[in-house]
Amino acid sequence: MSVQGMDIAVIGGGVGGLCAALCFARRGASVRVYERAAELSEVGAGIQVSANGMRVLHALGLTEQAQHFGFESKGLTLNAVTGRRVAILPNGPTRETRLFHRADMITLLSDACAEAGVEVLLGENISPENRLSSDLIVAADGVKSAFRPWVTGDERAAQFTGQVAWRALVPTPEPITEGGVNLYMGPGRHVVVYPLRAGRLLNIVAVEETRTWNDEGWHNAASPTDLSARFDVFGGAVARLLPHVTDVFRWGLFGHRVPQSWVRENVVLLGDSAHAMLPFLAQGAVMAIEDAWVLAQFVDNHPGTAGLVGYEAVRKERVARVMKEAAANAHRFHIHNPVAARAAQMVLGLGGRLAPGVFHRRYSWLYDHDVTAQASSST
Ligand SMILES: Cc1cc2nc3c(=O)[nH]c(=O)nc-3n(C[C@H](O)[C@H](O)[C@H](O)COP(=O)(O)OP(=O)(O)OC[C@H]3O[C@@H](n4cnc5c(N)ncnc54)[C@H](O)[C@@H]3O)c2cc1C
């Protein structure tokens with residue numbers, strides 16, 4: 001069996017849906033993307049794509065576009081609440097990580113889809129009730145997925161995680177030519193800052209623990225003054241940067257457990273519809289990109305539901321591990337007790353200086369994984 005000539009419907013034109021559409025189209029399927037919004041768009045914010053996701057973009061022939069749009073990150077620097085540097089975790093030559101404006105990532109993928117003959121239909125709100133007659137339906141309809149309850153049998157809505165993210169973009173006075181991701185750890189909160197768009201913008205994500213999310217929507221415009229007040233415990237670069245924020249949005253972070261089943265009949269979940277997670281490892285979209293490659297490869301190599309079930313088995317295990325690690329970072333980044341925080345940072349700092357290879361190896365399972373190199377007989 002191959003996907004050649006198959007008729008595939010992808011629900012959702014986010015990173016996961018567009019990447020899946022492209023992976024299937026490149027293997028010869030006839031693909032339509034159904035997006036309920038009137039245009040393909042993304043929030044004004046950044047997205048980190050680590051090496052495990054970059055390998056998929058390269059395998060899809062998007063190297064030039066990724067280099068054009070993505071700022072190459074040198075690594076992750078962990079900082080204390082005062083702004084003092086604690087540890088540097090370089091990406092090194094084998095872990096290419098790029099920092100994109102989300103709108104650029106959508107442009108990159110949708111242009112490639114158009115070239116590969118994918119049809120994108122806008123203003124199309126698809127539900128399990130008005131399902132399409134395609135051979136395969138890929139439900140990449142995000143954390144609030146309409147297909148997830150139908151596929152999994154679990155009617156529960158996504159749960160508020162007790163974390164809220166403030167997102168803002170700030171122009172830089174001079175383009176930054178070299179840099180990476182800076183993470184500032186504070187009590188019950190952290191701030192992530194990185195350059196975008198040839199270093200002309202800085203992306204800020206400020207996360208805080210909070211008990212409730214009372215607002216109607218999932219995100220809302222917020223006040224820069226409130227942002228500064230909520231994060232005034234931070235010194236150094238964060239304290240200097242926050243007064244320059246003019247527009248900021250506040251997001252409630254929601255997630256689910258990884259479901260038992262990702263497949264029902266000819267419908268399969270992909271991306272946040274299957275595994276919305278805390279963004280503290282910057283892997284939600286990267287996992288959707290990996291999903292897309294693995295799903296297309298499994299369906300191409302295995303007839304009928306065997307391909308879908310194989311995809312589910314392989315992805316469930318990996319994604320569950322990533323979600324666990326992302327949740328653990330909430331504790332690592334947000335230590336409330338100042339003495340415990342200083343002790344943990346001392347260990348991190350010493351480890352970074354004396355045995356930098358330990359950090360590198362600790363995340364080998366995540367960043368050195370190459371879904372595009374898996375033998376096609378096993379996927
Ligand atoms: C603060 C924050 C920072 C993050 N940073 C990173 C990061 O640095 N790196 C990373 O990898 N991940 C990051 N993530 C996670 C990442 O944003 C998500 O995992 C990713 O965008 C999910 O993509 P998706 O395509 O699965 O879903 P979505 O992007 O939500 O796309 C779903 C699409 O489906 C459409 N849709 C929904 N329902 C229907 C329907 N019924 N019919 C038709 N269309 C429909 C929606 O309009 C939408 O366009 C972050 C998340 C947050 C909140």
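Just so you know, these numbers come straight off a predicted model, no measurement behind them. Ligands are counted one by one from 1 in listed order, and the atoms in each one are counted from 1 as well.
No heavy atom of Met277 sits closer than 4.0 Å to any atom of ligand 1. Ligand 1 is approached by Ala140 to a heavy-atom distance shorter than 4.0 Å. Distances from ligand 1 to the non-hydrogen atoms of Trp251 include no value under 4.0 Å.
A cation-pi arrangement is present between Arg27 and Trp293 under the rule of less than 6.0 angstrom and at most 45 degrees off the ring axis.
At a heavy-atom distance under 4.0 Å, only side-chain atoms of Ile11, from C-beta outward, approach ligand 1. No part of Val49 comes within 4.0 Å of ligand 1, judged by heavy-atom distances. At a 4.0 Å heavy-atom cut-off, ligand 1 touches Arg102 through the side chain alone. Using a 4.0 Å cut-off between heavy atoms, Lys144 makes no contact with ligand 1 at all.
Protein heavy atom nearest atom 27 (O) of ligand 1, with residue, atom name and distance: Gly142 CA, 3.7 Å. The nearest heavy-atom contact from the protein to atom 41 (N) of ligand 1 is Ile126 O, 2.7 Å. Looking only at protein heavy atoms, the nearest one to atom 12 (N) of ligand 1 is Ala285 N, 3.0 Å. Closest to atom 47 (O) of ligand 1 among all protein heavy atoms lies Glu35 OE2, 2.6 Å.
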